Number of protein chains: 2
Amino acid sequence: MTSKTVSKALSVLNSFTSENPSWGLRELARHLDMNHTVVYRLLSTLEEEGYVFHNPDTQKYELGIKLIELSNVVEEHLKFAELIEPIMKKIALQTGESVVFTILDNEEGVFLKIVESEQQVRFAESVGKRSPLYIGASHKVILAYLPEEIQNRIIDDGLSNNAQHIESKEAFFEVLEKIKHQGWYYTAGETFNDVAAISIPLFDHKKNILGSISVAGPKYRVTIEETDRMLISLQENYQSLSSVLRKSFFPSRRKFLMNTLS
Amino acid sequence: MTSKTVSKALSVLNSFTSENPSWGLRELARHLDMNHTVVYRLLSTLEEEGYVFHNPDTQKYELGIKLIELSNVVEEHLKFAELIEPIMKKIALQTGESVVFTILDNEEGVFLKIVESEQQVRFAESVGKRSPLYIGASHKVILAYLPEEIQNRIIDDGLSNNAQHIESKEAFFEVLEKIKHQGWYYTAGETFNDVAAISIPLFDHKKNILGSISVAGPKYRVTIEETDRMLISLQENYQSLSSVLRKSFFPSRRKFLMNTLS
DNA sequence: AACAGTGGTTCTATTATAGAACCAGAAAGA
DNA sequence: TCTTTCTGGTTCTATAATAGAACCACTGTT
């Protein structure tokens, strides 16, 4: 059993994204298809605790600094984040490109940590970016190791959303097969137009898929011809990555995803 | 009017701090003096949306990665954060110490941004740290410019909590007077045992106090004798800091504080 | 074997919520 | 200038969601 009121409050919070970082009251109510009185009460409550900020100049609502506070608690607690950093740095140094750590969260992928290369387009601002599992090497490599039933549902979701990167269901399943066969995947221009990436999957001690690690950079540098070099670096560090994941608390919400299995 | 249920849910979230990053269900219920069934329902709801993570190994609840996601939205939106960074870096370079940007939020001070010096003890992990306004130069310098009624209440709060750094009410008001007279303040070992800081206040266009900017470092380096040098750097950059604050959205929740005035 | 913990579940009296109808003010259009 | 149509915010009560006692099943301790 979950609380309906709290669910609504969280859906209010979830409405604030990079694309829509501020909302007017009635605007947000329409977006959520809720009565504006209700949204008002929720926003007021969130504001009182600093989760939301009511900008007096624009009269709009925005996310509050309480969230910065809490995210700091998470990051501090996530010891794995600091354990994994030196390994990611090593890969970045070896390849000369940025390294992205992606985590499976419910039925989406989230960029949890990014280590930038020296010569890089800014990337780090994408930390926390969440997207469906059918987009990009980092995500596809995760999808490949999920139960077929879930793969089916996620691909269908993509098709019904007219996702650009799914040609046909058959072709997509072939990609997933290929990934499982070779253990890595390369894509260009899926998550970001000018960015290409090569990714390998990461598992827990029970061989459950947890996330992925990727080398990413501008298309013209990270070409399919270069993948060999980068793959070697990824595979060289695979063991240390796995042992870190095994040792430390890891907030992958696989549970919810698996509960959807019939 | 605010929502009681959502307030409870937020108080659940607020229970997760650096000191207490994970809670058992009944443990948390006791802490909040709530029925464990209620806490269970709230946690389940928060978990469903990724705000909370139920660690299957320890059976304890922890904050979820959704918060990292949201904090990234806040930071992206906070254009002032990037505008202020070069100025803070300049001060860090000039003084050789870390620079801390503190914001007034309701009746507390929050470290919103920290630029580290090269030669520094790690400090940045304190981003988001929240503490009462009677502790530390960065906070006292804010308190000095608040209405007397609020100063009174905050000091009384401190006294009833047996705060270490308040000798007597009279002595404390003298400190606040001194701050207003000289426009800066120096403390050593208040917020952190081995750290000293010198701070100046920051105001909006209506001369309302918004926050403060501080130079901070280990006591043995940031001595009272060194303050002149650092003060010059702070004051040199004061105008650029003010103009940035004037230009950009700034989430200081003064409103709630001011609403408490009789 | 008894006991005291734990996380999780069920059920209904009670309480908090949803949402229509209502402000007052701002902006847009005629 | 006078409507009209927005906006954020408020009030009130039928009704829907919540609180919390009593209850599992399980684990660890004595």
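Just the heavy atoms: all of them, side chains too, but no hydrogens, waters or symmetry mates, feed the values below. Letters A, B, ... are given to chains in the order of the sequence lines, protein chains preceding strands, and every chain is numbered from 1. Note that this is a predicted model, so its numbers are computed, not measured.
Rounded to an integer number of Å, the gap from CG of A:Leu43 to P of C:dT17 is 15 Å. Rounded to a whole Å, the CG atom of B:Leu32 is 15 Å from the C1' atom of D:dA19. Whole-Å rounding puts the A:Gln59 CD to C:dA27 P distance at 10 Å. Rounded to an integer number of Å, the gap from CG of A:Leu42 to P of D:dG8 is 15 Å. Put simply, CE on B:Met1 is 18 Å from C1' on D:dG8, counting in whole angstrom units. The CG atom of A:Asn35 sits 6 Å away from the P atom of C:dA20 (whole-angstrom rounding).
Contacts of B:Glu27 classified as salt bridge (charged side-chain N to carboxylate O under 4.0 Å, His left out), with partners at least two apart in sequence or in another chain: B:Lys60. For A:Lys8, the salt bridge (charged side-chain N to carboxylate O under 4.0 Å, His left out) test picks out no residue, with sequence neighbours left out. For A:Glu75, there are no salt bridge (charged side-chain N to carboxylate O under 4.0 Å, His left out) partners at least two apart in sequence or on another chain.
Relative ring orientation between A:Trp23 and A:Phe16 is described as perpendicular, the plane-to-plane angle rising above 60° on a 0-90° scale split at 30° and 60°. Ring geometry for B:His54 against B:Tyr61 counts as parallel: the plane angle stays under 30°, on a 0 to 90° scale with 60° as the upper cut.
Centroid-to-centroid, the aromatic rings of B:Phe203 and B:Tyr145 come within less than 6.0 Å.
For B:Arg41, the side-chain atoms get nearest to D:dT18 when compared with the rest of D:dT18, C:dG8, C:dA18.
Computed from C1' positions of five pairs at each end, the angle between the two local axes of the helix from C:dA1-D:dT30 to C:dA30-D:dT1 equals 30°, rounded to 10 degrees.
The base of D:dG9 is paired with the side chain of A:His36 by a donor and an acceptor separated by under 3.5 Å.
A 6.0 Å sphere centred on NZ of A:Lys4 holds no more than 12 heavy atoms belonging to other residues, nucleotides or ligands.
Taking the side chain as every heavy atom from C-beta outward, A:Lys66 and B:Leu13 never approach each other to under 4.5 Å. Considering only heavy atoms from C-beta on, B:Ile84 comes within 4.5 Å of B:Phe101 through its side chain.
OP1 or OP2 of D:dG9 lies within a sub-4.0 Å distance of a side-chain N or O belonging to A:Tyr61.
We find the CD1-NZ distance between A:Ile154 and A:Lys140 to be 13.0 Å, quoted to the nearest 0.5 Å.
Using a cutoff of 4.0 Å between basic side-chain nitrogens and carboxylate oxygens, B:Glu85 and B:Lys113 are scored as salt-bridged.
The nearest heavy atom of DNA chain C to B:Tyr40 and to A:Thr37 marks one nucleotide each, and the one closer to the 5' end goes with B:Tyr40.
Using a 4.0 Å cutoff on non-hydrogen atoms, no part of residues 22-31 of chain B comes near DNA chain D. For DNA chain C, the residues of residues 3-10 of chain B within the heavy-atom distance limit of 4.0 Å (strictly under) are B:Ser3, B:Lys4, B:Thr5, sorted by number.
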